[in-house]
Amino acid sequence: MSGTIALDRRALLKGGVALGSGLLLAVPLSGPVLAAAGPAAATDLGAFLRIAADDTVTVIVPVVEMGQGAMTALAVVIVDELGADWSRVAVAPPPAGTAYQRPDVTKYQLTSGSWSVRLWYAPLRTAAAAARTMLVAAAAKEWGVDAASCATEAGRVLHRPSGRSIGFGAVAAAAARLPVPEKLVLKAAADLTLIGRSVPRVDVPSKVDGSGVYGIDVTVPGMVHAAIRHAPVYGGGVRSVDRASIAGEPGVLAVVEVPGAVVVVAESFWQAKAAAERLDVAFAPTPHDTAGTDALMAEERRKLDAPQAARFRSVGDAAAAIAGAARVVTADYSVPFIHHATLEPMNCTASVTADGCTLWVPTQCHTTALEAAVRLTGFDESRIRIHATLLGGGFGRRIHTDFIEPAILSSKAVGRPVKLLFTREEDMQHGFHRPAMTARLTASLDAGGGMTGLSMRVVGPSVHEHFWPAFFKDGLDYAAVMGLTTKATSSGLHYRIPAQHVDYIYQPTHVPIGYWRSVGASHNGFFMETFIDEVAHAAGADPYRFRRALLQDSPRGLAVLDKAAELAGWGKPLPPGHARGIAFCENVDSIVAEVAEVSVVEGRLRVHRVAAAIDCGTVINPDTVVMQMQGGIVNALSAVLGEEITVEDGRCVQSNFHDYPVLRLADAPVVDVHILRSDGPIGGVGEAMVPTLAPAVGNAIFAATGQRLRTQPFARDGLTVG
Amino acid sequence: MTTLSVNGRKHAIMLPADVPLLWVLRDHLGLTGTKYGCGIGQCGACTVHVNGEPVRSCTIPVGELDGAAVRTVEGLSPDRSHPVQAAWIAEQVPQCGYCQSGMIMAAVALLQRTPAPTDADIDAAMTNICRCGTYQRVRAAIHRAAKA
């Protein structure tokens, strides 16, 4: 990106910096400090930059860090465009402020959807270019030279003709008094020194010595601890609480009833947890006391034949193609509810006083946290302060406020700062799960084995219904049909299939559902790419070559598929009992192909290796892309092999890692990653690799055993992992 | 009262004997590098060393530790210079990082016992859960630390 562009003044000027005690990360190795305020004698240059007299540059990134590396990537974007000295940069998470809201229609201050670099790359370069222009102008003015003869480098403004230079800190105050430039020239690609290189992540040092501050680690003067006990049936309520049942329990300060749960506040968490478990609570009956996943899945299967559906896509006449086909292939698939299981359980520290409300919270969404605080305290937004900590995993779980609201209510009730922590059991049994979904796919083949038509029906709950109802309209949930389109071709499709339709059928449930890493693509990648494999098999074709033939309209897609196949050595001999499976999917604007190599010996499945290729357009930090691909593939594999939330009597059956198995090191495959050089638009990365993994593994299991797995998780029906 | 040494400092713990070591470390001694993940000894986020052995501190009542020497992630080095910490940085292991204190303590214990571990040794010793899926880099970092 280069050239002259009009400055978005909002990106530069609105929403002043109020750093507060946010976690400040310094690079490269000097580690994080909890700063009571920004550096002394510092000047704000817009919402994203603060420059101290000693030339230290603090970058306030508009996103939070949950392991995805976005904090480092966005700091790199700003620092490179500014010409600051990377070794003298500190990086801070954002306070709540309009300047940090997503620069798109949502206006949410939200870290999710693999959007961070996609949405912020251009605005942050613009903001940094504006600051650079102002610093240069201030120096040029002081020297009495033409600004065009000056440049920035390593935190200084240089006047090359005279060899003079001055540190940013010495001109920052003068720069801040200058008008914001109307037109900006971004640096040429050749002048960028950080973007596109593997820069060590700023948060890593604090994660090897225990100094990184997560929500669970927050300590505030006068703070007390709280444990929560929810009504066991999802959406249930409390009928009565017998406070006398824990009379005399050590350390207990209060029992607070909140919607759907009881909170016990005590001097320590252990006391609060013990008392909450012993507390005699009667829960109110609900309409869902006999609901369960068996009945739900049966209902979804029944709805596969429903006459009415919301049509997402209609290309050609798929029904006619299927009706008149030489051959028809059809198969049904399903996935279960799954849990985010962030390793840091849900928590929030809240302090409600007469003056306002302060939250220290690992949240993916400042906006919903702010709205909750306003609603529950009656203070206006200016009285609410939000300090985002490091997040011990997010994956979509922490956009919700179910862990924030009871902390606020508890602090209000006891008049002290309260740190509320879910036990693992409460975390697992009161999640916002990836919905259980069912699908039927039907294809028509011509006499030569070519695909002429495709019909897809997806049945399941709506993720957007509660959190984002604007994206659930006319019976169509746009989350449920994710992972089925592309911007990389003019048709919006990678595969050339002349007639296609995709339908969605809504299934209500009382189980809270939410945005799990890659959302609807997490199941649609599995449904579509397992089915394509089945069609290839029916057509007697090699599954890689069958996909190649379908990708003739998509040069970028074809290049990704070919690269994954090459990386995996597709077609080359394997050890006895081993087999490969391939899958392809675009998600979050990035194109991914994966080849899994598995073996199944006496029912024991091992996934030995996954070769993955990704085209995500311009890359900011290649090593972050690689680590996200490696980790996300393991995360996805864990879900596919063993994870499942089941519901009986209206409540979650699983409670901890003993019955919700998460993949461990010994069962993790080697993941080889190749990033294709691409001039495509920036794609997201954090969720890009998930949809392709399940079908790659399932297709490999089919190749190894002839057993077609159409229902997740795979580790059942006689198949074990290890 | 339980007397124990944590990272070389002696502490007299005036808490009921059934309080797990994890919560003594976190809420009473302020050593928050050791994490709570499951409370049932499954995930390993709370791994510390007791008398040199890796243990899951969420399931060890403090009353059983009278006279014990406890080492936490904060006690590895004052400046992230322990070979395992240095390897973790060099390999850029952590993502969200929440499991990594426990992962590192498990790795340090493995390397004390087995200075040049094989992949099979690593498989057997490293049973901690990483939800971000950093296992491949954990393995690489252990091999790197073994060569340091």
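Of the two parts of His28(B), only the side chain, counted from C-beta on, holds a non-hydrogen atom closer than 4.5 Å to a non-hydrogen atom of chain A. Interface residue Met627(A): backbone and side-chain heavy atoms are both found under 4.5 Å from chain B. Heavy-atom distances place no part of Leu15(B) under 4.5 Å from chain A, backbone and side chain included. Using a 4.5 Å cut-off between heavy atoms, Gln136(B) contacts chain A through its side chain alone, with no backbone atom that close. Only the backbone of Pro669(A) comes within contact range of chain B, with heavy atoms under 4.5 Å apart. Both the backbone and the side chain of Val626(A) come within contact range of chain B, judged by heavy atoms closer than 4.5 Å. Looking at His340(A), only its backbone comes within 4.5 Å of chain B, counting heavy atoms on both sides. In this structure, the portions of Arg131(B) lying under 4.5 Å from any heavy atom of chain A include both its backbone and its side chain.
Counting heavy-atom pairs closer than 4.5 Å to chain B, the top residue among Ala668(A), Gly393(A), Gly392(A) is Gly392(A). Across Pro20(B), Pro16(B), Ser77(B), the residue that shares the most heavy-atom pairs under 4.5 angstrom with chain A is Pro20(B). For the set Gln92(B), Arg139(B), Met126(B), the entry with the most heavy-atom pairs within less than 4.5 Å of chain A is Gln92(B). Chosen from Val670(A), Leu391(A), Val671(A), the residue pairing most often with chain B at heavy-atom distances under 4.5 Å is Val671(A). Here Cys38(B) is the residue among Ala124(B), Cys38(B), Cys132(B), Gly33(B) with the most heavy-atom pairs under 4.5 Å with chain A. Top candidate by heavy-atom pairs under 4.5 Å with chain A, chosen from Cys96(B), Gly75(B), Gly97(B), Gly133(B), is Cys96(B). If you tally non-hydrogen atom pairs under 4.5 Å between each of Val138(B), Leu22(B), Val73(B) and chain A, the highest count goes to Val73(B). Of the listed residues (Gly394(A), Ser268(A), Ser198(A), Ala341(A)), the one with the most heavy-atom contacts under 4.5 Å to chain B is Ala341(A). Here Asp623(A) is the residue among Ile633(A), Asp623(A), Thr219(A) with the most heavy-atom pairs under 4.5 Å with chain B.
Within 6.0 Å of CZ on Arg604(A) lie no more than 12 heavy atoms contributed by other residues, nucleotides or ligands.
Side-chain atoms of Ile40(B) and Glu425(A), non-hydrogen and from C-beta on, do get closer than 4.5 Å to each other. Using a 4.5 Å cut-off on side-chain heavy atoms (C-beta onward), Arg424(A) and Gln42(B) make no contact. At least one side-chain heavy atom of Thr72(A) sits under 4.5 Å from a side-chain heavy atom of Asn621(A). Using a 4.5 Å cut-off on side-chain heavy atoms (C-beta onward), Val264(A) and Arg229(A) make no contact.
Looking at Glu687(A) and Ser114(A), their side chains do bring a donor and an acceptor atom within 3.5 Å of each other. A donor-acceptor pair shorter than 3.5 Å cannot be found between the side chains of Arg71(B) and Ser5(B). For the residue pair Thr72(B) and Asn7(B), a side-chain donor N or O sits within less than 3.5 Å of a side-chain acceptor on the partner.
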Practice task
With side chain to side chain contact (heavy atoms under 4.5 Å, CB included) as the test, would you mind laying out the steps for Cys99(B) and Ile129(B) before giving the verdict?
Solution key: CA-CA 7 Å; Cys99(B) 73; Ile129(B) 288 175; over 6 Å; no

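For a heavy-atom cut-off of 4.5 Å, chain A lies close to Gln100(B), Ser101(B), Ile104(B) in residues 100-107 of chain B.
The backbone N or O of Glu426(A) lies less than 3.5 Å from a partner atom in the side chain of Thr423(A), making a donor-acceptor pair. With Lys419(A) contributing its side chain and Asn347(A) its backbone, the two residues share no donor-acceptor pair below 3.5 Å.
Aromatic ring pairs are classed by plane angle as parallel below 30°, tilted from 30° to 60° and perpendicular above 60°; the pair Tyr660(A) and His339(A) is perpendicular. Taking the six-membered ring where tryptophan is involved, the planes of Tyr36(B) and Trp23(B) are tilted, since the angle between them lies from 30° to 60°.
Between Ala148(B) and Pro83(B), the closest heavy-atom pair is CB-CB, 4.2 Å.
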